[in-house]
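Start at 1 with the first residue, then count along the sequence. Quick caveat: nothing in here was measured; it's all calculated off a predicted structure. Computed from heavy atoms alone, side chains included, the values below leave out hydrogens, waters and symmetry copies.
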Amino acid sequence: MERAATLARAASAASGEITSSEWPTLLTESLREMEATWQESAEVCADVAWQARAAGNSVLNLLTPEHATDSSADPMLWRTYRHLYFNGLRFDTRCPTMEALMCKVPPRVLDQDPYTEALYAFSRLGQSRPDGLAVMQRALISADGHPKTVHVLLHGLWLGSQLPGRASLLVSLVGLLPDGGLNDPIALYRMASGRRSLNEYPEALTAIGHALDQLPPGDPSVHADLVHEHTLITAAYELDQRMRAIRNLTSP
């Protein structure tokens, strides 16, 4: 409990300075001081990078690509900078840039930090690169169900519309999250997308309905994404029902 409280204070301190240019340094120093694990770094960096982007002060404007790739830096500082910068690229969907920068990260780092490996998988999955699926599987095994890591991979699969078996993978990965993702609106959103692609429309509508019901207030952009998915499911379901009715009328 004490460690979780320390981590929460580090995140809160960075969030309190989210509109200044100092928040990345503040966060990295806090995580180094507490000797954060890769899991703890991932938990905080993903959330704070998202908050900074929403506040118009993206980490991409405050750090350089070298912060994410300089292996000569202090290992703990470098890991935090890496998690922050690559999440900044992820949230802006800059997959080719992510992939190019990841090629500068030594392979040993991917072995030691499954979250970075998941971000590498994201850069390939988001471009519908089938070779990203192998990277995804390695990250899943190394991360041992770590929720933030699973979410990175879900995000990549969701973007990779041409990936083989994408829809089924989306549904199965959501099941790896705590409580099967049933209390996670973003996970349910990904699941609904997968169910829609599998033509499982009632299940998709149930998932997106639960997602909308559980979404915290105050984030209109995410709410709009969920409403858009609901519209897509409804339209596809209605079209499917009309086509079934036509086939029934014309069948001998």
Side-chain angles (χ1 to χ4, degrees), residues 1-63 67-68 73-91 109 112-119 122 139-140 142-155 173-190 210-211 213-219 221-223:
M1 289 292 289
E2 182 178 344
R3 191 164 184 87
T6 302
L7 191 65
R9 284 195 296 271
S12 179
S15 298
E17 298 293 329
I18 209 72
T19 58
S20 80
S21 62
E22 299 303 316
W23 72 260
T25 302
L26 183 64
L27 183 60
T28 53
E29 292 292 349
S30 296
L31 294 182
R32 182 171 67 170
E33 183 177 345
M34 69 175 291
E35 297 184 347
T37 64
W38 69 263
Q39 294 96 328
E40 291 168 334
S41 175
E43 292 288 336
V44 173
C45 289
D47 291 344
V48 178
W50 177 261
Q51 292 169 23
R53 182 178 183 272
N57 196 30
S58 170
V59 66
L60 301 181
N61 296 327
L62 303 175
L63 300 181
H67 281 97
D74 174 280
M76 293 199 72
L77 287 180
W78 180 34
R79 184 183 64 197
T80 306
Y81 285 138
R82 197 167 64 238
H83 287 177
L84 285 172
Y85 197 82
F86 283 124
N87 267 305
L89 292 172
R90 170 192 162 208
F91 294 142
V109 173
Q112 299 164 359
D113 181 3
Y115 190 69
T116 294
E117 185 164 43
L119 289 163
F122 170 88
L140 281 173
S142 301
D144 193 26
H146 178 245
K148 287 291 187 186
T149 302
V150 174
H151 265 290
V152 169
L153 298 171
L154 277 169
H155 192 183
L173 253 66
V174 170
L176 299 178
L177 292 167
D179 300 317
L182 295 178
N183 299 313
D184 185 330
I186 301 303
L188 288 167
Y189 171 47
R190 309 292 189 211
H210 284 318
D213 189 53
Q214 295 179 32
L215 189 68
D219 196 335
S221 62
V222 176
H223 183 268

Side chain to side chain contact (heavy atoms under 4.5 Å, CB included) evaluation trace for N87 with W50: CA-CA 8 Å; N87 267 305; W50 177 261; over 6 Å; no
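- In this structure, C45 and L31 approach most closely via the heavy-atom pair SG-CD1, 4.3 Å.
- Summarising the geometry of I18 relative to W23, their closest heavy-atom pair is O-CD1, 3.5 Å, with the distance given to 0.1 Å.
- Dense packing is recorded around CD of Q51, with more than 12 heavy atoms of other residues, nucleotides or ligands lying under 6.0 Å away.
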Evaluation steps, side chain to side chain contact (heavy atoms under 4.5 Å, CB included), between L140 and L176: CA-CA 10 Å; L140 281 173; L176 299 178; 4.0 Å; yes
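- Closest approach of L26 and S30 over heavy atoms only: O-OG, 3.0 Å.
- A donor-acceptor contact shorter than 3.5 Å links the side chain of S15 to the backbone of A11.
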Intermediate values then yes/no, side chain to side chain contact (heavy atoms under 4.5 Å, CB included), E43 and K148: CA-CA 6 Å; E43 292 288 336; K148 287 291 187 186; 3.4 Å; yes
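- In the model, T6 has no side-chain atom that pairs as donor or acceptor with a side-chain atom of R3 under 3.5 Å.
- A donor atom on one side chain and an acceptor atom on the other are not found under 3.5 Å apart for H210 and N183.
- Between S58 and R53, the side chains place no donor N or O within less than 3.5 Å of an acceptor N or O (distance only, hydrogens not considered).
- Of the possible donor and acceptor atoms, none in the side chain of Q112 sits under 3.5 Å from a partner among the backbone N and O of V109.
- Note that CG of L60 and CZ of F86 are 10.5 Å apart. Values are rounded to the nearest 0.5 Å.
- The existence of a salt bridge linking D113 and R79 is excluded, since no basic side-chain nitrogen approaches an acidic carboxylate oxygen closer than 4.0 Å.
- Side-chain atoms of Y189 and L154, non-hydrogen and from C-beta on, never get closer than 4.5 Å to each other.
- Note that the CG atom of L84 and the CG atom of L62 stand 10.0 Å from one another [nearest 0.5 Å].
- A14 and V48 make their closest contact through CB-CG1, 4.2 Å (heavy atoms, listed as atom of the first residue, atom of the second, distance).
- Put simply, CE on M76 and CZ on R32 are 9.0 Å apart, with the number rounded to the nearest 0.5 Å.
- For the pair W38 (side chain) and P114 (backbone), a donor-acceptor distance under 3.5 Å is absent.
- Here the closest non-hydrogen pair linking E40 and A36 is OE1-CA, 3.2 Å.
- Taking CG of L27 as the start and NE2 of H83 as the end, the distance is 11.5 Å to the nearest 0.5 Å.
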Evaluation steps, side chain to side chain contact (heavy atoms under 4.5 Å, CB included), between L182 and V174: CA-CA 9 Å; L182 295 178; V174 170; over 6 Å; no
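- To the nearest 0.5 Å, atoms CG (L77) and OG1 (T28) are separated by 5.5 Å.
- Between the side chain of S142 and the backbone N or O of A139 there is no donor-acceptor pair closer than 3.5 Å.
- The two residues T149 and Y115 come nearest to each other via the heavy atoms OG1-CD1, 3.5 Å.
- Dense packing is recorded around CD of Q214, with more than 12 heavy atoms of other residues, nucleotides or ligands lying under 6.0 Å away.
- Looking at Y81 and D74, their side chains never bring a donor and an acceptor atom within 3.5 Å of each other.
- A distance of 5.5 Å separates CD of Q39 from NE2 of H146, quoted to the nearest 0.5 Å.
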